[in-house]
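First the proteins, then the strands, lettered A, B, ... as listed; each starts at 1. Side chains included, hydrogens not; waters and symmetry mates left out as well; all remaining heavy atoms used.
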2 protein chains.
Amino acid sequence: MSQDFAPIKRKRLSDEVSAQIQVRIASGELRSGDKLPPERELAEIFGVSRGAVREALRNLERTGLIALQAGARGGAFIGQGDPGLIGDSFRNLYQLGSVSLDELTEARLWLASTVVRIACARATDADLAALTANVDEAERLLKARRYDDKIDIHIEFHNLLARATGNAVMAMLMGALMEVMRDFAHAAGGERNDLTIKARRRLLAALHKRDADAAVTAMTEHLESLRGRYRDRMKPHRAKAKGMN
Amino acid sequence: MSQDFAPIKRKRLSDEVSAQIQVRIASGELRSGDKLPPERELAEIFGVSRGAVREALRNLERTGLIALQAGARGGAFIGQGDPGLIGDSFRNLYQLGSVSLDELTEARLWLASTVVRIACARATDADLAALTANVDEAERLLKARRYDDKIDIHIEFHNLLARATGNAVMAMLMGALMEVMRDFAHAAGGERNDLTIKARRRLLAALHKRDADAAVTAMTEHLESLRGRYRDRMKPHRAKAKGMN
DNA sequence: ACATGTTTATTGGTCCGACCAATGGAAAGT
DNA sequence: ACTTTCCATTGGTCGGACCAATAAACATGT
């Protein structure tokens, strides 16, 4: 036993409280819809101040585990999680310089390939209809020169496609990456040509024919060309982080 | 103008504060390593109580945007984000019943296929050496009957492979999914046979030969069989959430 | 001079007690 | 029976106090 004394972890009270509640959730003791005791009671139970309890609850709220609601029948209710947090995480990592734009677009391209292949096999008629409607809408917006609105529709296309895989996790992963893409798509300004529309028409045709290889090709080629254009347009908007160590 | 009066958003002060700070970060005005003014000053600047500022800072800390440090030269420092939060999000979504175990394993399988294909093309000698060392270690633990420790090594294998793609985003995505896998791998108890080891040896051989198809096959077959075994062993550990709307 | 211990100023961490604001149900009035 | 008013409950905010950690400035001893 050379150097393994005590780690000495000065944990914050609020973190201790939120940890205990989280354990109750992980164990299944607390489930979606359940209500926690009021802050004042929790303070007494845990033997800490209401402020500490409050910080714990706010943390859990931020994590999407609970939702706070004021008023008579209000309180802290166990929620269902928030898929949007995944996208937020990536946004932060990008803004803080921990991941690059190039890595994001590359990962997105890889994910999109998988998505389109799976979706090609599983997409329902309703999925295909929604995708078609989406492209129609995008074309309408393009003609109306509403380039900024078009971006959101384009992003929605990828989300629809990901949902067509029938796998919520995959939909969330793609959704997260697309959230970051949204940011700099708006920053870079929307495309004003119809290349995307045409590529999507080809993709839809392949999907209807259940031709996975053609669908993947259509998707990949389009994203590759987009990637090239973005790379030219977006100068790195941040100098490399100077280590804070 | 039929019904578009005022949205009436009763935002919390602390959220308003954290939002303003976040904007400064997004705009690049605040960068990794920068220090925010002390809580008491921020309270005066924003014209709110110190408690409100504190909640805002704790929220940002939870998000990985800042790190709080007590003491004389302490304060709130802009951080670099925390990739672990992505895994936490999925863990929460799973625990709260918003995503199923099956969707997680399926998405993991898809991602792993992509990862192994890319890694096959890009892995450096150092990557391959690390992967080989990992499998050796796993074999050692298996012989020592340290099944629980073996799980973590097995998970590390996937992370190493993902890192071998050279894409940090992909490594984070895989890392996040594997974090959830870790939970129920431990809950289900580690495998006690050497099937995984053998599959990994085949995978490594394919990687060394840069035979992408063989590598993908080795990975996929193994994960598929694992998936089948898990499905038998893990009964859904939670009844379907009764909606709380 | 140098090393070591002590003080002190700074800053996050916690607590208390009070009051405000939202909300739904109970009581009162019609 | 319906509407209005009131009230208890519960989160949201505040101010001020004190504790705890920390590093710099200072004092002390060799």
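Shown here is A:Q20, whose CD atom has more than 12 heavy atoms of other residues, nucleotides or ligands within 6.0 Å.
Between B:K150 and B:E191 no salt bridge is recorded (no basic side-chain N to carboxylate O distance below 4.0 Å). The pair A:E156-A:R163 meets the salt-bridge criterion, since a charged nitrogen lies less than 4.0 angstrom from a carboxylate oxygen. The pair B:R91-B:D88 counts as a salt bridge, with a side-chain nitrogen and a carboxylate oxygen less than 4.0 angstrom apart.
A nucleotide of DNA chain C counts as in contact with chain B when one of its atoms lies under 4.0 Å from a heavy atom; the first and last such, 5' to 3', are C:dT10 to C:dA22.
Checking the phosphate oxygens (OP1, OP2) of D:dG12, a side-chain nitrogen or oxygen of B:R12 falls inside 4.0 Å.
If you find the closest nucleotide of DNA chain C to A:R40 and to A:A72, the one lying nearer the 5' end belongs to A:R40.
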Q | Criterion salt bridge (Lys or Arg N to Asp or Glu O under 4.0 Å) on A:R58 and A:E39, from CA distance to verdict | A | CA-CA 11 Å; A:R58 292 297 320 272; A:E39 291 180 354; over 6 Å; no
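A donor-acceptor contact closer than 3.5 angstrom links the side chains of B:T124 and B:D127.
B:R54 places its CZ atom 17 Å from the P atom of D:dG15, with the value rounded to the nearest Å. The nearest whole Å value for the distance from the CG atom in A:L36 to the C1' atom in D:dT9 is 16 Å.
At a threshold of 4.0 angstrom between heavy atoms, the contacts of B:A70 are confined to the sugar-phosphate backbone, with no base atom among them. Among the protein residues, A:G75 comes within range of the sugar-phosphate backbone only, with heavy atoms under 4.0 Å from sugar or phosphate atoms but none that close to a base.
Among the nucleotides D:dG15, D:dA8, D:dG12, the one closest to any side-chain atom of A:R50 is D:dG12.
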